[in-house]
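Okay, so here's the structure we're looking at.
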Amino acid sequence: MPIPEKHEYLSELCDTLSRRWPDNRTVNLVCHGHSVPSGYACTPLVDPFHAYPHLMYRTLAQRFPYAVINIIVTAIGGENSVLGAARFREDVLCHQPDLITIDYGLNDRGVTPEQAEAAWRQMIEDALNRKIPVILLTPSWDQTWFAQSEEWHALEQHTEQIRRLAGEYRVALADSFAAYEKEVSGHGDLLNLLSHWNHPSPLGHELIARELTAWFPAR
């Protein structure tokens, strides 16, 4: 099944973000995942203010100037979706999120596709059962692209699985993988999108943030 329309999926949330005081309220957006949303750059350097959760916050604050927005990062560097799913209810749902983003594709090469699929399904279903909208992220690229190695092809496999899950559950998709592909195929240099062998640069994070904020049409 196709993913939802960008102008429809978060319509109710965008209406909430558009409300002015005293009719507005605090809106909690939770970014769950691994080192990329955590803000890791050239490990062990952490640069959260150039990472996509902060960039998303800045764009949404400009787009919805009357909104009170909390960006809550529950990501842990080095974690895969199996570990992320195990703490999802305790560490993510406890924040009463209005939206959850999930980003584990890079590290899911450390588990089997079947294990990753089960973990992603658990997190998606836990959110949807509580009527919380979800944005799934495909992975950003890393330097395994240069060698077209087995690791790279595993990343492609996880990417397709995430896309399929987004269509099956009719949830939003921020296709970071496709954004990187478009940039590199347009004669961009992948190294300009990386701050480390597997972490995005500020420019790479900007590409991801654009994919996310495209789901928030201005009112």
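The chain is numbered in sequence order, starting from 1.
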Side-chain contact test, heavy atoms from C-beta onward, threshold under 4.5 Å: evaluate it for [X] versus [Y] and give yes or no.
X: Phe146; Y: Leu191; value: yes
X: Asp15; Y: Arg219; value: yes
X: Leu173; Y: Leu137; value: no
X: Thr101; Y: Val134; value: no
X: Arg19; Y: Tyr66; value: no
X: Arg87; Y: Ile76; value: yes
X: Thr74; Y: Phe88; value: no
X: Val111; Y: Asp108; value: yes

Rounded to the nearest 0.5 Å, what separation is found between the [atom1] atom of [X] and the [atom2] atom of [Y]?
X: Asp175; Y: Thr159; atom1: CG; atom2: OG1; answer: 7.5 Å
X: Ile71; Y: Leu55; atom1: CD1; atom2: CG; answer: 10.5 Å
X: Glu211; Y: Ser140; atom1: CD; atom2: OG; answer: 11.5 Å
X: Ser38; Y: Asp47; atom1: OG; atom2: CG; answer: 12.5 Å

Start with the C-alpha distance between Arg163 and Glu168, add both sets of side-chain angles, then the distance that settles side chain to side chain contact (heavy atoms under 4.5 Å, CB included), and finish with yes or no. CA-CA 9 Å; Arg163 290 169 175 162; Glu168 180 180 336; over 6 Å; no
For the residue pair His199 and Tyr40, categorise the inter-ring angle as parallel (less than 30°), tilted (30 to 60°) or perpendicular (more than 60°). tilted
Could you label the plane-to-plane angle of the His205 and Tyr52 rings as parallel, tilted or perpendicular, counting under 30° as parallel and over 60° as perpendicular? tilted
Are the charged groups of [X] and [Y] less than 4.0 angstrom apart, N to O?
X: Arg164; Y: Glu160; result: no
X: Asp142; Y: Arg109; result: yes
X: Asp126; Y: Arg121; result: no

Is a side-chain N or O of Gln161 found less than 3.5 angstrom from the main chain of Pro113, in a donor-acceptor match? yes
Check the surroundings of atom OH in Tyr180: do more than 12 heavy atoms from other residues, nucleotides or ligands lie under 6.0 Å from it? yes
With a sphere of 6.0 Å drawn around NE2 of His196, does it hold more than 12 non-hydrogen atoms of other residues, nucleotides or ligands? yes
Indicate the atoms forming the closest heavy-atom contact of Leu17 with Ala67, along with that distance. O-CB, 3.3 Å
Could you walk me through whether His153 and Glu156 pass the side-chain hydrogen bond (donor to acceptor under 3.5 Å, both in side chains) check? CA-CA 5 Å; His153 295 309; Glu156 292 178 312; 2.8 Å; yes
